[in-house]
Amino acid sequence: MIPETNPSPDFYVKFWGVRGTIPTPGHQTVRYGGNTSCVEMRLGKKLLIFDAGTGLRVLGMDLLKEMPLEAYMFFSHTHWDHIQGFPFFVPAFIPINRFHIYGAITPDGSTIKQRLADQMVHPNFPVPMHVMQSDMKFYDIVPGDVVSLEDIKIESAPLNYPNGAVGYRVSWQGHTVVYCSDTEHFPDRLDENVLHLARNADVLIYDATYTNEEYYHPKSPKVGWGHSTWQVGVEIAKKAGVKKIVMYQHDPYHDDDFLDQVEAEVQAVFPEGIVAREGMQLKIS
């Protein structure tokens with residue numbers, strides 16, 4: 001039997017990858033980090049992982065000291081920057097570990113298991129997924145489903161994103177964290193699905209890939225690209241009664257100095273707004 005991970009009675013969130021699109025190593029991204037999407041949540045004895053970008057590789061190395069372990073992995077979608085760390089997730093190769101993996105079926109009918117396996121076949125990767133010897137169980141969800149893990153409630157909702165994506169609302173012991181990566185607001189309104197997920201949340205992790213200036217740039221607009229702005233994130237946080245918003249999914253062209261400026265501008269209009277940094281940990285309860 002696998003023992004429960006982390007006996008703490010608290011609720012923590014830790015960021016292992018905060019970048020979107022492509023990893024951005026280098027001296028200009030040291031403070032905020034260059035790994036792609038991966039967020040860890042600890043809720044008492046349960047370990048939840050959201051997305052499997054390159055940050056998952058680093059998280060995996062950290063988890064080796066806790067084996068045997070059991071974790072629940074939730075995928076927003078399977079674009080490359082959200083799955084590229086999965087083949088390098090060392091704990092998944094070790095038989096004593098167990099993973100419960102959740103993701104939505106895509107419009108073409110492929111499951112989360114099929115899509116994770118597809119990236120690990122020739123010509124993309126030398127080692128197929130069946131070499132991973134951990135106990136992996138796969139669950140297909142429909143956006144709107146609710147997943148219950150004992151006293152943890154995980155609500156899901158569809159996001160406005162090309163080919164689809166899923167947002168998650170994680171609630172436990174009166175506290176809530178929302179993971180809302182890769183979403184775009186509508187031209188004439190805020191997304192009601194996002195507002196519903198974010199209602200009165202302690203923390204909203206939100207896709208703030210662009211600024212409004214970039215999004216509406218007259219020569220190279222980003223409308224329709226599937227990502228939002230920090231300004232819209234602040235609007236959502238205020239309307240939904242969010243206590244803290246974390247700007248996430250940083251554009252690869254946004255270096256540390258740029259993100260410093262974004263954080264200053266966010267806090268000028270929403271003091272409890274911050275910009276996600278790799279390694280940052282938030283205590284929710």
Side-chain angles (χ1 to χ4, degrees), residues 1-14 16 37-52 56 59 63 66 68-78 82-83 86 89 91-92 97-106 111-116 134-159 164-183 191-206 240-244 246 282-285:
M1 178 177 290
I2 297 177
E4 295 282 8
T5 304
N6 184 32
S8 167
D10 293 316
F11 188 169
Y12 288 94
V13 178
K14 188 167 183 178
W16 294 91
S37 308
C38 183
V39 172
E40 171 192 9
M41 295 189 194
R42 301 273 186 157
L43 301 92
K45 298 177 181 180
K46 288 285 192 294
L47 166 59
L48 278 58
I49 300 170
F50 290 83
D51 280 331
L56 182 68
L59 170 57
L63 291 174
E66 298 182 30
L69 60 89
E70 182 169 23
Y72 301 81
M73 303 181 72
F74 293 85
F75 285 82
S76 62
H77 64 302
T78 53
H82 292 255
I83 64 172
F86 187 78
F89 185 46
N97 298 325
R98 180 181 301 144
F99 300 98
H100 304 267
I101 301 172
Y102 297 79
I105 296 175
T106 58
T111 66
I112 184 64
K113 182 177 181 179
Q114 289 171 323
R115 282 172 281 144
L116 291 175
S134 62
D135 179 12
M136 292 192 289
K137 301 181 184 300
F138 294 87
Y139 306 84
D140 297 318
I141 64 171
V142 175
D145 285 351
V146 176
V147 177
S148 295
L149 305 176
E150 297 179 358
D151 58 344
I152 301 169
K153 180 181 180 182
I154 302 151
E155 299 172 63
S156 65
L159 302 178
V166 184
Y168 296 98
R169 174 184 171 94
V170 183
S171 300
W172 182 65
Q173 296 190 355
H175 295 277
T176 297
V177 174
V178 176
Y179 182 78
C180 191
S181 174
D182 290 65
T183 188
D191 188 339
E192 289 296 332
N193 287 330
V194 176
L195 288 169
H196 181 68
L197 287 175
R199 65 193 187 278
N200 302 313
D202 292 277
V203 174
L204 168 61
I205 301 168
Y206 185 73
V242 170
K243 297 180 180 68
K244 181 185 290 290
V246 182
L282 303 177
K283 184 177 180 182
I284 311 303
S285 65

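Residue numbers count from 1 along this sequence.
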Novice: Report yes if the side chains of V13 and V246 come closer than 4.5 Å at any heavy-atom pair, otherwise no.
Specialist: no
Novice: For Y179 together with Y168, are the ring centres under 6.0 Å from each other?
Specialist: no
Novice: Looking at K153, I want to see if its NZ is surrounded by more than 12 non-hydrogen atoms of other residues, nucleotides or ligands under 6.0 Å.
Specialist: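 Incorrect, the count does not exceed 12.
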Novice: Nearest 0.5 Å, what's the CZ-NE2 distance between R115 and H77?
Specialist: 10.0 Å
Novice: Between N97 and P68, is there a side-chain heavy-atom distance shorter than 4.5 Å?
Specialist: yes
Novice: For a 4.5 angstrom cut-off between non-hydrogen side-chain atoms, does F11 reach V177?
Specialist: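 Counting from C-beta outward, F11 and V177 do come under 4.5 Å.
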Novice: Give the minimum heavy-atom separation between A104 and P143, together with the two atoms involved.
Specialist: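 Closest approach of A104 to P143, heavy atoms only: CB-CD, 4.1 Å.
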Novice: I'd like to know if K46 and E150 make a salt bridge, using a cut-off of under 4.0 Å between side-chain N and carboxylate O.
Specialist: yes
Novice: Within a 6.0 Å radius of atom NZ on K14, are there more than 12 heavy atoms belonging to other residues, nucleotides or ligands?
Specialist: yes
Novice: Heavy-atom distance under 4.5 Å between the side chains of Y72 and V147, does that happen here?
Specialist: no
Novice: Which atom pair, heavy atoms only, marks the closest approach of V178 to L197?
Specialist: CG2-O, 3.1 Å
Novice: Is there a donor-acceptor contact under 3.5 Å from the side chain of S37 to the main chain of H82?
Specialist: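 No: the side chain of S37 does not pair with the backbone of H82.
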Novice: So I105 and V142, do their side chains get closer than 4.5 Å, heavy atoms only?
Specialist: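 SC-SC contact between V142 and I105 ruled out.
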Novice: Step by step, work out the side chain to side chain donor-acceptor pair (under 3.5 Å) result for D140 and T111.
Specialist: CA-CA 7 Å; D140 297 318; T111 66; 4.5 Å; no
Novice: Tell me whether the rings of F86 and F75 are parallel (<30°), tilted (30 to 60°) or perpendicular (>60°).
Specialist: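 Taking F75 first and then F86, their aromatic rings stand perpendicular (interplane angle over 60°).
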Novice: Could you check whether any side-chain heavy atom of L48 comes within less than 4.5 Å of a side-chain heavy atom of W172, counting everything from C-beta outward?
Specialist: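 They are not in side-chain contact.
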Novice: Does some side-chain heavy atom of I49 sit less than 4.5 Å from a side-chain heavy atom of C38?
Specialist: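 Heavy-atom side-chain distance check passes, below 4.5 Å.
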Novice: Given side chains that start at C-beta, do those of R42 and D10 come closer than 4.5 Å, heavy atoms only?
Specialist: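 Side-chain contact under 4.5 Å: no.
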